[in-house]
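The structure appears below as structure tokens.
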Protein chains: 2
Amino acid sequence: MVPDRFDLRIMKALQKNGALTNGELSELINLSASQCSRRRAALEAAGLIEGYHARLNAKELGFSIRAIIRVNLRMHGQESDKEFSRWVERQEEVQSAFSVSGDADYVLDVRMRDLDSFSQFIHERLLIQPQVAQVRSDFVLKILKDNQALALSTDG
Amino acid sequence: MVPDRFDLRIMKALQKNGALTNGELSELINLSASQCSRRRAALEAAGLIEGYHARLNAKELGFSIRAIIRVNLRMHGQESDKEFSRWVERQEEVQSAFSVSGDADYVLDVRMRDLDSFSQFIHERLLIQPQVAQVRSDFVLKILKDNQALALSTDG
DNA sequence: GGTATCGATGCATCTTTCATGCACGCATGG
DNA sequence: CCATGCGTGCATGAAAGATGCATCGATACC
């Protein structure tokens, strides 16, 4: 599927606000509501829109700790990498996890309720993984932005 | 507002799928649809649910580069920090940006269409910021998980 | 130039979903 | 024991979503 500029506008709008009605969308992008509905369905069917998600207020819910953790493994091989990946995927506190090229092997974005949980996670769960060689943590002091929105150029 | 376990279940479900109807929600959490509607509205009004967002397929849309960039500033002061923050917020390619404690001063999560854009961003936009002293990039090779979902414990 | 064909669009309609008034049940406190 | 208040489910009117149909515009072909 090749999205045209209307599709791009729709996706851009829905990134910002996924609860827009087709009527509201139609005003924003200058197209009838029925067309918005059809295009939206097409974008979802084509997989360009992967889904809709509610964003929760982490602070209000008691998640006061956020940290970016860089992890190095002892050795590299399909086995240890795969095993570590599987382990990471099971950790609820890990919101995002990337295998990266650079100083580190993995970068994790984690959220916890308090320092105790964080310490417990690092020492009693992460560091005892046999593959893990080194762990360096950066605590998030302030979130400047957290869009999760792609920079689509609508060209007008 | 103090969310009870039904509220937690609702939030958990809506994190996974923000397009659930109240009827579908009611089946998932064993509560009538009308109550789901009321509780949902309350959670939104209380700010526990901050909003709904569509997630787009980055690969399909041509964003093949993702990187975690660590930035160090030359000196620290309210001025340079604030100025850098403001600059970061204006950069569309920056999805998330954190001020952190640790080796780095800032961590940025960026997405680009290609290596040229990335190089251009680093050299012609980021490094020419007068506050910036050092930049280290980790390219994302593989996304193990990218939930953006908080680990709510529903206790049942 | 004329015409046929195909996809995209807007309107109208039907269906689904949402929002809310109401009465009931349950708990707590007088 | 009764009164009060909150949370709940049911039922109804309002809003939003989905879709058949006729029309419009563009392209291709004769």
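Bear in mind that the values here come from a model prediction, so they are computed numbers and not experimental data. Chain A is the first sequence line, chain B the second, and so forth, proteins listed ahead of strands; every chain is numbered from 1.
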- Cationic tip of R113(A) above F63(A) ring, under 6.0 Å, 45° of axis: yes
- Item | Members of residues 40-51 of chain A that approach DNA chain C, where some heavy atom sits under 4.0 Å away | none
- Message: Between P on dC18(C) and CD1 on I10(B), what's the gap in Å once rounded to a whole number?
- Response: 13 Å
- Rounded to whole Å, CD of E24(B) lies from P of dT17(C) at a distance of 7 Å
- Query: Under 4.0 Å between a Lys/Arg side-chain N and an Asp/Glu carboxylate O for R125(A) and E93(A)?
  - Reply: yes
Protein-nucleotides 8-10 of chain C N/O pairs under 3.5 Å:
from    : atom 1 : to     : atom 2 : distance (Å)
dT9(C)  : OP1    : R39(A) : NH2    : 2.9
dT9(C)  : OP2    : Q35(A) : NE2    : 2.5
dT9(C)  : OP2    : R39(A) : NE     : 3.4
dT9(C)  : OP2    : R39(A) : NH2    : 3.0
dG10(C) : OP2    : S32(A) : N      : 3.0
dG10(C) : OP2    : S32(A) : OG     : 2.7
dG10(C) : N7     : R38(A) : NH2    : 3.3
dG10(C) : O6     : R38(A) : NH2    : 3.0

- Please give, in whole Å, the distance from dG17(D) P to L25(A) CG? 9 Å
- Closest approach of K145(A) and Q91(B), non-hydrogen atoms and distance? NZ-O, 2.9 Å
- Message: Under a 3.5 Å cutoff, is there a donor and acceptor pairing between the side chains of S117(A) and D114(A)?
- Response: yes
- Tell me yes or no: between the side chains of H76(A) and D105(A), is some donor less than 3.5 Å from an acceptor? yes
- Task: May I ask you to test the K12(A)-I29(A) pair for a side-chain heavy-atom distance under 4.5 Å?
- Result: no
- Query: For M112(A), what are the other residues in its hydrophobic cluster, where any two members join if their side-chain heavy atoms are less than 4.5 angstrom apart?
  - Reply: I65(A), I69(A), V71(A), L73(A), F84(A), W87(A), V88(A), V94(A), Y106(A), L108(A), V110(A), L115(A), F118(A), F121(A), I122(A), L126(A), L127(A), V132(A), V135(A), F139(A), L144(B)
- Message: Between R136(B) and N72(B), is there a side-chain donor-acceptor contact under 3.5 Å, judged purely by atom types and distance?
- Response: yes
- So, is S37(A) close to the dG17(D) phosphate, meaning a side-chain N or O under 4.0 Å from OP1 or OP2? no
- Does a nitrogen or oxygen in the side chain of N22(B) sit under 4.0 Å from OP1 or OP2 of dT17(C)? no
- Rounded distance (Å) that lies between atom C1' of dT8(D) and atom CG of D7(B): 14 Å
